[in-house]
Amino acid sequence: MLSLEEAVGRSLLAVPLLGTETVPLADTAGRFAAVDANANVALPGFDNSAMDGYAVRSRDLHGATTKSPVALSCIGVIPAGTESAGTVDEGTCMRIFTGSPIPAGADTVIMQEDCRADPGDERTVRCNDSVRPWENVRLKGEDIREGDTVVAAGTRLTAGTIGLLAATGHGSLEVGLQPKVGLVATGSELIEPPDDLQPGEIYESNRTMLASLVARANGLPTRYPIVPDSLEATVDALERAFAENDAVVTSGGVSVGDHDHVRPAIEQLGGALDFWQVAVKPGKPFVLGQAGGKPLFGLPGNPVSALVTFLLLVRPALLKMQGATEWGLAKRPGLLAEALANRGDRRHFVRVTHDADGLVRSAGGQRSHMLRSLAKANGFVDLPPDSRLAKGDPVEVLLIDD
Ligand code: AMP
Ligand code: MG
């Protein structure tokens, strides 16, 4: 049996890095930067006001209070988007607004709430307070210097990074191509919902569940028609899925049952295939194959096993293909609200709920065909073989849908 770490390492090694494309910045959310992006301008780009008020010389307002205000002569207005050619000399000020450039001569801004213009004399401004030098001023480059790397290659683009890129002059970005992922479900018992079921048949659910996981990993999923348990149908389905995608994910048909055709189908297509027993529960059987340089991930048919093996072994590979440099599941610390035990000899990824108070409890029945607890769970606790954790023990929860 392979350890999980070994299996993840092999899965990562088996996938190619896809190419890149340049897309409008607005379309980059969730994608991965293919290059370091540098600031084309400093932020702020120039010394500017953090307040609506008056640009002044701090020396002029020394000792100013409500009782003994200092009167300054207002010599101009600097609306946002303009720059004043004038200079603030002793005894003068300029009307200024948030974001307007600080004019020559001024070294600070007094906010308008601390000033009063004389009725009938807009040019005289009475200042009721003193201000320190550079108070209410945003200094050029204090946030970002021109040329700073603002997003490193491999970073996932978020609203914040997109905002920073736009503010530093980027209209588009080179990002990793999204892997096209073909989803193939095998099993003669499987029926497309909501068609009628005959005795012994069940609704197919893995392709749909996996499509949502692929999309969360920023891949582009395509669901292919359900494949009955026959070698010919499996060969046809895999051939088409390989031709139209960068990777293929199958579910079912990878154990050693008589009706498991994924392995011979791959061999018939001239590909190679590695059959693993990964030491995790749920999800032991897992297939890694390739045909024509494209990877195939063969997941177990049990829905819970399919989800767990996808998150642990396929998701990292899909992220790597598009240029990601990190692929671990997000983790959140919590405290057990009840004991959890694993009497088996494989690591058990226990479906749990992690609530807003950080309390962690079992999401319900843990057998690999049980979907109720899968739907309720928002994470897993990785429970070592033959172990028991007590109520109150600290745990790390691996988040499912983050
Ligand atoms: P298998 O891995 O093909 O032996 O399937 C293991 C179990 O998972 C069986 O109970 C199957 O009926 C069930 N199963 C397999 N594929 C799917 C699927 N795509 N959707 C729902 N259940 C499935
Ligand atoms: Mg089957």
Side-chain angles (χ1 to χ4, degrees), residues 1-4 6-16 179-190 202 204-207 209-211 213-214 219 221-318 321 346 368-369:
M1 258 201 279
L2 282 184
S3 74
L4 178 59
E6 241 176 311
V8 174
R10 289 194 192 182
S11 182
L12 287 168
L13 269 182
V15 296
K180 286 184 269 180
V181 181
L183 299 171
V184 175
T186 71
S188 294
E189 75 280 25
L190 305 175
I202 62 167
E204 197 286 322
S205 57
N206 285 343
R207 285 170 311 159
M209 177 185 74
L210 291 167
L213 292 174
V214 167
T222 300
R223 297 158 75 249
Y224 286 88
I226 293 167
V227 183
D229 289 317
S230 93
L231 179 58
E232 199 189 351
T234 310
V235 171
D236 287 351
L238 291 183
E239 192 167 23
R240 184 171 160 211
F242 272 116
E244 297 173 359
N245 294 280
D246 302 304
V248 176
V249 176
T250 65
S251 88
V254 297
S255 52
V256 286
D258 286 345
H259 301 291
D260 294 334
H261 298 289
V262 171
R263 178 203 289 266
I266 279 280
E267 281 163 0
Q268 197 162 319
L269 289 172
L273 184 147
D274 218 355
F275 182 80
W276 304 341
Q277 301 282 344
V278 183
V280 297
K281 193 177 108 176
K284 187 165 73 171
F286 183 84
V287 158
L288 181 71
Q290 64 79 28
K294 295 177 179 177
L296 172 134
F297 303 97
L299 309 183
N302 272 313
V304 182
S305 310
L307 182 138
V308 171
T309 46
F310 179 93
L311 286 178
L312 296 178
L313 296 165
V314 183
R315 181 181 172 276
L318 296 183
M321 287 174 89
R346 292 179 272 153
S368 63
H369 65 289

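The figures that follow rest on heavy atoms only: side chains count, while hydrogens, waters and symmetry mates do not. Computed from a predicted structure; not experimentally measured.
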_Side chains of F310 and M209 in contact at under 4.5 Å (non-hydrogen atoms)_ = no

*Can you tell me how far the CZ atom of R263 sits from the CG atom of D274, to the nearest 0.5 Å?*
9.0 Å

*May I ask you to test the V314-T309 pair for a side-chain heavy-atom distance under 4.5 Å?*
no

*S188 side-chain N/O to D229 backbone N/O, donor-acceptor pair under 3.5 Å*: yes

*So, for N245 and T222, which heavy atoms are closest and what is the spacing to 0.1 Å?*
OD1-OG1, 4.2 Å

_I'd like to know whether R207 forms a side chain to side chain contact (heavy atoms under 4.5 Å, CB included) with I226, so could you lay out the CA-CA distance, the side-chain angles of the two residues, the decisive distance to 0.1 Å, and finally the verdict._
CA-CA 9 Å; R207 285 170 311 159; I226 293 167; 3.7 Å; yes

_Donor-acceptor pair, side chain of R346 and main chain of V280, under 3.5 angstrom_ = yes

*Which heavy-atom pair separates A237 from V227 by the least distance, and what is that distance?*
CB-CG2, 3.4 Å

*Under 4.5 Å between any side-chain heavy atoms of F297 and V181, yes or no?*
no

*Contact summary for T234 and H261, nearest pair of heavy atoms*: OG1-CB, 3.6 Å

*S251 side chain reached by P303 side chain, heavy atoms, under 4.5 Å*: no

_Exercise: identify the closest heavy-atom pair between N302 and S368_ = ND2-OG, 3.4 Å

*Evaluate the side-chain proximity of L4 to L313: yes if any heavy-atom separation is below 4.5 Å, no if none is.*
yes

*Non-hydrogen atoms of P221 and L183 that approach each other most closely*: CB-CD1, 3.9 Å

_pair L210-L299: side-chain heavy atoms closer than 4.5 Å_ = yes

_With a 4.5 Å cut-off on side-chain heavy atoms, are W276 and E6 touching?_
no

_Tell me if the CD atom of E267 is crowded by more than 12 foreign heavy atoms within 6.0 Å._
yes

_Counting C-beta onward and ignoring hydrogens, is there a side-chain heavy-atom pair between V184 and F242 closer than 4.5 Å?_
no

*asked:* Give me the atom names and distance for the closest heavy-atom approach of A306 to P300.
replied: CB-O, 3.5 Å

